[in-house]
Each structure stands twice: as structure tokens, then as C-alpha cells.
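Numbered from 1 within each chain, the chains take letters A, B, ... in sequence-line order.
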Amino acid sequence: MIGKATRRVDGPKKVRGAAPYAADQAIEPTPYIGWIVEATIGKGRVVSIDTAAAEREPGVVRVLTHENTPKQIPYGETRDGSDADRFTMSHALLNGTEIRHPGQAVALVVAGTLEAARGAALLVKVTYETDDGRYVVTGEEPEDLLVVPDELDGGQEPDVVKGDIDAAMAEAAHTLDVEYTTPSQISAAMEPHATIAVWADGELTLYLSIQVIGWAITALANTFGLEKSQVRILSPFTGGGFGSKLGVHGDAVLASLAAMTLEHPVKVVQTRRSVFVNAPHRGSSIQRLRLAADAEGKLLGVGHDSRMPMASYGYEFAEPTAAGARASYETPALHTVHRVVKVDLPPIDSMRAPGEAIGSLALEGALDELAHDLGLDPLELRLRNLADREPQSGKPFASNDLRRCLEKGAEAFGWTDRPEPRQRDGRWWRGWGMAACTRVNMLMEGAARIRLDADGRARAELDMTDIGTGSYTILTQIAAEGLGLPLESVEVVLGDSRLPETAGSGGSFGAATAGGALKNATDNLCARLVELARDHGDSPLRGAEGEGRVAEGRVWIGDRSLGFDEVVGLVGGELSAEGSIAPGENSEKYAQYAYGAHFVTLRVDGVTGEVRLERALGAFSFGRVLNPITARSQLIGGMTYGIGGALTEALHVDPRSGAFPNRDFAEYHLAVQRDVPPLEVHMLGEPDEKCGALGSKGIGELGLCGIGGAIANAVFHATGVRVREMPITPDKVLAGLMAQGD
Amino acid sequence: MRPFEYVRAATVEDAVTGGDRFIAGGTNLVDLMKHGIERPERLVDVTRLELASIEEADGGGLRIGSQVTNSALANDARVRERYPVLSKALLSGATQQLRNKASTGGNFLQRTRCYYFYDTARRCNKREPGSGCDALDGFNRIHAILGASEHCIATHPSDMAVAMVALDAELLTRKSDGSTRRVKAEALHQLPGDTPHHEHVLEPGELITHVDLPPLPDGARHVYRKARDRASYAFALVSVAVVLVTDGDAITEARVALGGVAPKPWRAHRAEAALKGARVDRDVFRRAAEAELEDARGHGDNDFKIPLATRLIASALAEAAGLDAGDDR
């Protein structure tokens, strides 16, 4: 079952519209609708707020503001003084007059209908006192504004320095010292952040669009001073998250606050424009890349330093921009330093492949520049510098398949047919590019339960989420394989905080963690079934000789067997077992990464500088493939995300107010169908038992890492123009073309 | 909710006497109403009027009803054959879903996509006359380089209207007093000056009923080129419509219009003057393009539009003249 191409078990429900996402849940009584009123300033405080006109509107129930809502635990703190992180701390809103960032909620208009709430929101009059805010990181900041984060996302050190990069740069035959920049980006999940909150009998129930249920429970308890047992979350389907739903945001907090205040269910669905400011985005980055190499292209030094914004309030978050540089290539001198500058922007947080997504773009671009300088095939440069041990730590790799990805990918693509640079075809320039891809593999703690009913049907229960990745499907496969049942005999129930706690979906750790816990549960259940068959007083197989095992949906002792229904019958109506998983010593002992290589061809309009991809191939290695269909979807989804990151996506910031001018999908340009050529995916990996019970590695983020570098490199190969400021929009290519007289 | 009256007109007469604001596809107006930017008291739905057909006109042109959808117009066999620049312009705009809803008349009257016009927390002279313009010193990558003023640098976002202007289209309108008039497509929109909230010459309650496309000289070559930030569903950074007639290598007629660069679909009269009587030649095309952009002014983030427009005009002319291969995107 595991590893077989299995169609999504929830697919029919989704295409029929029968999969209930948070805002779809039918709740009695019909929820009121809440509409968020956003601060129109960047930083400062509310001086007065006049809701009278809004409250007079027909259909309006209440306008909630800081003046008429119960006090919450202050933003960033906890109910009991315990430590909390950005996902579990209080996310209080309307809890005072302070405006921390542009677009922060200053009121929630609650009405019987969406139209009434939205219309009345236009009538809420707020006056502010405005403070000066800092909204952009320019690279010109003085030293005293540069903050050393306590740690980087994923727990890495902010600084990893070994050897002497300056000496390497001074002495090497070939050196490169360049700056790459990436803009702010938004996760852009298809389903906007949404919540229905119900407050009854001292219990807060949320139908919530979320990635990690456990963190959300803690955050809500910490926000409202509740016990965790008073909060229940139901999240059977989530329409994408990409990091932006790791934690709770304005919809969850405000819907809860309103439901508790009004003692009536309240629904808050963020609008697309609201998601840009009341949910997190990826910060911009300025990256300095230094490479030193000898005449043969052997790396003597790698420098990758990063400067990014960090929210000035409540929590620390810093991307491990140089994660790829620390993990990919052998070098005697490594200089990776991360600094952040505090800004007063909307929340800055994890977005798909924090670190590698933007860092690999710069690193792989710089390597291409070095290859060009050396007159070396960029593929060959990478092959000459692969690492035997993790460069930053010297630890052995659990497995390292980068060479195979590069070689097999190149072969499948026909890389050796790469033409000379600057091929002209009418008014188009044509080019080829490649890049490597490394993404950290993580395993978390998780638990699961498996039940067998009297008919011998299985039901897996865990608080895992399915954010569109295929959790339902792979967990069905894992349970079916573990019990020797057909897929149809297994039901998987997810997304309920009453079920055993997993780590949810994030950091590409979901499949290995939830799947590993479930495998452990089925193993435990199998052991129990054998024990009952052999030892139970009423068992027809009592005392039978031979090996005990579970296969084909039956319990075997030697060559005799019992049906599940018969074994369950021995103990009454039901049998269940729990299972768990936790990172073990292999997580400490071995450096764990998934790998890939990207190859692309594209054309550039020589008149306008527009770039159009023509072909993209990714060769990936990520341990055991749990399901080739859903795995491929993850990978091509990642590649598509990376195409947008390289060519089209930029969330602009007006430095005067911190406002995002292009906060809708007409002007924030995700890659659309026509920007994405047919994507070829090759899956090369073999099970890596050091990476967890299933031997799989995470792939939710892998496909995105590196493809932007391949695209930028192909633009250079096509035109001779090196764009280091992402995204590669026509204006930037055009400036380069004109500068070289094209 | 802000209440408004909605009435559905059965005849043109009903429509023009029924109110002073019309709604057709609503692809832009409804959005703006939700944001509180448009606040009509009363809307007259004109989608049921018998204005949804394309007819042959006397003298060899076409008469297009104002309620013909963008999809129907783009895919009409006569339009594709006789006015390919219009078909291509339409298909390069928006998405299939939007084109299925949007009307010919409404497309002319769609409003700017200026970020600061949409964000009611910012100053905008178009939205709140006299409040100021936050685009001028703000993020103005998508803004105008021609025809703008110190009060407004917003662009008109239409692709269709650019082709219409190049085709010398004329609008037929009906006013509430029953009178009709003809307005050249090029004369429909006004430059902002110090009244950027006055965007066009139509009076309140004046309805566009038809658009006339005059016949073109035999052998006219059509090109529509659009530079944009992604391959589909993006407004033009710069677009160019060209209708070119040559006799040997002599240019007998050249019409050029630009999108994405000005507060209105921009007829490139200076370029046309430079092309008049000239010979087909890349240098001629480049000089014509440069002449058009001579007074162009960037505002920082949109400075690139000046060379982009220059190059795109020259290239589109070269394509129309058969010097450059086309582009079948």
C-alpha cells in the first residue's frame, strides 16, 4: 500500500464540494458574521473610536472595540507566565489602544449578514496618533539597528563561521562578492484564513483553517486565559497554508472574542486584502554572497550573510537564509551570519521553505556566476564541490543523494546538449539554466490511535491536518498496510483536538511524524491482536503453535487464522491501540536533508525583457516515496511556487506608511497557468531508515528550493544579463539588455 | 450595508430616463462598491437591452452593440478577420471568466487600477477630489508617463480601448433627453489636469449604445503587443496597437495607440506624424517611437516604461511591416 500510486481518498468529496472547510461548517444557530476594521496607520495608537453610526445600521449586532471587550492576556505573553513562542503566545487583539503594524484590527463589526457587517464597517470612525515607524530594510542600517536573533527558524545558530573567509577571498584564483535581494512575499493559500467560533458551557469551539492544531489550542488558551481543556478545534480540511496557518491570526482571535462576548456563534473569514496584513508574510532579504575557488573550481570559501526584517513586537522570527550554504558544498571557510532589523510591518513569519527558498536562489545564482568566471559547466562546478559530511557541523549525512539528483536530472534533461550562450531566435533570446536543491528534513513528536470495530473495520484517529497535501490518503495507506487491510476498510479521522496530538502540517514534517506515529499504533495493535488470538481464554487459536502475525486482514498463528471481527469479538465491541513517534538519536547523530536538481529552458523577449519558461525538470531524492501521485503534486506545486518567486512575486511596501500597495491577486502576481510550462518530475530516492519509521523525508517544500536559481541562471545564459534583484521582472532584464547595447 | 436602488431596463429609453448610473457586467463597479469607492444611489441594469449584437454597417464597417461581451467581440469571425488588433487586445486582457461578463461599453469606462485609488486609507484626488495624490511620491511602478498631472498619475487599464482608439472607433450614445451623439473613442476620456475625478466626457445618464468600427484600407496590417509582469491576467506595463498600411516600402497610413502609459488610451499622434510618408525602416520606426515619448515623464518606479514603450512601439511597427516575426502567444 505504501508507495503505491493511490488517488486522493478525499478527492471525490472535494470535487463535489462536500469537504467542509472552516467557513463551510453548518452551525446552529446560524453564526453572526464579523468584519475586521483595519488600522489605517502604520504605528501609533487609537485616540478615539466612534461606532455609533455603524451600530445604528440595520442588522448590526455589536461593534467590538478595545473599549467594550473583556481584557485578554497581553499580546506576546502567556496565561501563567510560562515560556511561549510565536505560535503559542497570546495573540490578543482589541486589547488596548496600541497599533503595532499597518492593518491591525481596531474593531470587529458583528452583524447578521456579511453585507451588513461590511457596509457598517465603512462607518466606523477612528482617530489615531501616529508614531514614526520603520517599514523597510535597505541595507544602509547602522550597526546599532542590527539585531542578532536568539536562533533561526528550525533552531539553527544565527552565526556559523569556520575557517577564514577573508583570507580565502584574498588568496583565491577566482572570487565573487555580490549582493542578491528578494522582496517580501505572501503565502497566498487559496482558502483565506477563516474561523467559526462557538462559546457554550465554558467551552470555546473553533472551526478553524489551521496547519497545527496543538499550537492553536495553546495560543487561544494563552490569549483568553482559558485552560487548554476549555478549547476545542475542529479542522478537517484546510485549503493551503504554506506556513501562514501554523499559528492563529485575526479571524480566530476576533471570532472567539465576539462569540464569548455575544454568546452566539460568530464567523470571521478574512478577505484577500485582509490576509495580506492580518496574517504573516515572508520578509524581504538582502544577501551577500562571497565565493572563493581555485583554478579548478574547488571551493575555498563560501560566505552567505543575510539581512532581513523582523517584527518589532511580541516574538522573534528569523529565516535561516544560509541553511543551504551550510549544508550543500564542501568548503574550508564558511561564513554565514544572519542579522535582522526590527520593523513595524504586519507579522513576518514562516513561508514555504523558510531559508532555503530565498537562500538557494542567491547561492545557486552565485555558483552560476562563479562557473561562468571559471569557464566551467555549472553542473560540473557543483559536482566538484559536493560534501561528504555536513559542512557546518562535520556530521555524517543520514544519506546524501545530491550527486545522483544532479547526474540523473542532467541526463533526463539532456543537459549536455546545452547550446552556447545568447542564442537568438527572432526577437527572443533562448537560454538554459540549472541549480541544485537542498532542504532540511525534520521529524517531530506525534501520537496516533487506531481502532478496530466489531466488523473488523479500522479507524485511524489523530489531530493531524490535511492542508491539501494528501494527509488523508497517505495515512489511509499506512494504516491499511499496517493491518493488511484494503484501503476501503480504513477510515482516517483528522483535524480534531480531542484526538491524539501530532505536530500537524508544517516544515515538511507532517507525513513522517503523523505517519510514523500511526505506523507505531498499527504495530502495537497488531501485537495486541496476536496476543489475544494466542492467549485469550475464548480464542479458538488459544495455545496454537507458530509465529504470530497480521496479514490480509486476519490474525495468524502459524498457519491458522482468525478474522479481525472474531478477535475483536473476544474483548467486546472494539479494540484500539495508541502509537507515538519522537525524534531519536538519529536526529542528533546525522544531518538529514532531502535533495534535488532543477533544469530549465526559457526565452527572453529581446524587446521587452519578458521571461517565458519553456521547460522545467526536477530530479528529487527524499527517501521513501509514500505515494507517487501526491508526492508529484507536492513537487510540482513547489516548483510552481518557485517560478512565481523567481519571476513574478513581490509584495511591495510603501516606506512612508508601511502599507502594501499591491495587496490583491490582480497586482500581487502569482505565477498563473501560462507562466508554468509542463513540469517534469523524477523521484529517485530510496527509503532512508535513519529519517524515521517510514524511511521518508519531507517534500512539501523541496520542489521550491533552487528552481529560482535555475531560472535566473537561464536568463543569464540567454541574454548575458545577471539579475540579482528578485523577482526577474521585465524592467530589470530590460535595463540589463540596454546597458549592454541590446 | 449602503442601500441602493436596482432597476432593470427593458429599453434604451427606459435606461436613460431610469437613472444616471448603469451596470452591465459589473466586473469593476461591484468591486468598487464593496470597497465603498463607488457609491451609486441607483443602478440601472442595461444587460437586457437589445444591444448585444454585432451588425454590418453601411460602408463596410461593423456596428457593435455596447452589451456585446468581451468574449463575444473577441471571438466574432468578422472582428477576427477584419479587426484582428481588437480581437488580440481583448484576449490579452483579464481572464476568460471576466471577459465572459464584461461588456464593450463597460470596458471603456472601467476605472484605474492605481493602488492608491483602491486603498481608501490613502489620499487620492480621483476618489476624494482635493485630498492629494499618494501615488506621486509613492510606489508608482504601474503609473503614467504621458498625459498625467501633478494631481493624478493613474493609468487607464483597458486593452480593448487601445485597439478601439487605433481603429478610429466611434461611440454612439443616448442621453436622458433622448438625443444621441457620436463621440470618437479617442475623445471619450479626459486627461486629469486638476480634475482627475472627471474621467470622460459622457454626461450623467448618457448611455453608450453602440461602437462603430469604420472600414480599414485594404491590406492594413494589425499588431497588438503587450508587455506585462506575467504571461496572463496582468494589466499592461505598456501595450501597443498598430494598424499599418504600406505601398511597397512606403508607409501610406500608420496608426499607433498605447496602453498602460497614460490616463487614457493614448493615440500616438507624434509617432504617426513621424511615420507619415516615410519608408519602412527600423530607424524610422525607432525615431517615430522616440518622438512619441519625447515629453514622457517617469515618477521613479515607472521610469522603465519610457524605454520599454519606445522599444515596443518600434518593434510592433517592425512586426506590422513584416520586418519582425510575430508572436503567437
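Heavy-atom distances place the backbone of A:Ala120, and not its side chain, under 4.5 Å from chain B. For a residue to count as touching a neighbouring chain, one of its non-hydrogen atoms must lie under 4.5 Å from one of that chain's; by this rule B:Lys34 touches chain A with backbone and side chain alike. For a residue to count as touching a neighbouring chain, one of its non-hydrogen atoms must lie under 4.5 Å from one of that chain's; by this rule A:Thr113 does not touch chain B. For a residue to count as touching a neighbouring chain, one of its non-hydrogen atoms must lie under 4.5 Å from one of that chain's; by this rule A:His652 touches chain B with the side chain only. Contacts between B:Ser232 and chain A at a heavy-atom distance below 4.5 Å involve backbone atoms as well as side-chain atoms. For A:Phe660, no part lies near chain B; criterion is any non-hydrogen pair under 4.5 Å. At a 4.5 Å heavy-atom cutoff, A:Leu114 makes no contact with chain B through either its backbone or its side chain.
For CG of B:Asp283, the number of neighbouring non-hydrogen atoms (other residues, nucleotides, ligands) closer than 6.0 Å is greater than 12. Atom CD of A:Gln740 sits in a crowded spot, with more than 12 heavy atoms from other residues, nucleotides or ligands closer than 6.0 Å. In the displayed structure, A:Arg424 atom CZ is contacted under 6.0 Å by more than 12 heavy atoms of other residues, nucleotides or ligands.
Under the 4.5 Å side-chain criterion, counting only non-hydrogen atoms from C-beta, A:Thr648 is not in contact with B:Asp229. A 4.5 Å side-chain heavy-atom check between A:Leu734 and B:Arg311 finds at least one atom pair inside the cut-off.
With respect to chain B, the highest number of heavy-atom pairs below 4.5 Å among A:Asp731, A:Ile41, A:Thr40, A:Asp654 belongs to A:Asp731. With chain B as the partner, the residue from A:Met738, A:Glu667, A:Lys732, A:Arg656 showing the most heavy-atom pairs under 4.5 Å is A:Arg656. Considering only heavy-atom pairs separated by less than 4.5 Å from chain B, the leading option among A:Pro58, A:Pro655, A:Ser657, A:Ala39 is A:Ser657. In terms of heavy-atom pairs under 4.5 angstrom with chain A, the leader among B:Leu308, B:Leu237, B:Val238 is B:Leu308.
Here the shortest heavy-atom pairing between A:Ala666 and B:Arg230 reads O-NH2, 3.9 Å. In terms of heavy atoms, B:Asp119 sits closest to A:Arg663 at OD2-NH1, 4.5 Å. The two atoms that bring A:Phe665 and B:Tyr233 nearest to each other are O-CE2, 3.9 Å, heavy atoms only.
Residues of residues 126-142 of chain B lying under 4.5 angstrom from chain A, judged on non-hydrogen atoms, are B:Asp134, B:Asp137, B:Gly138, B:Phe139, B:Arg141, B:Ile142 by number.
Rounded to the nearest 0.5 Å, atoms CG (A:Asp664) and OH (B:Tyr115) are 9.5 Å apart. A:Thr608 contributes atom OG1, which lies 7.0 Å from atom CG of B:Leu312 (distance to the nearest 0.5 angstrom). Distance CE/B:Met33 to CZ/A:Arg118: 11.0 Å, rounded to 0.5 Å.
At least one donor-acceptor pair closer than 3.5 Å links the side chain of A:Asp675 to the backbone N or O of B:Ala231.
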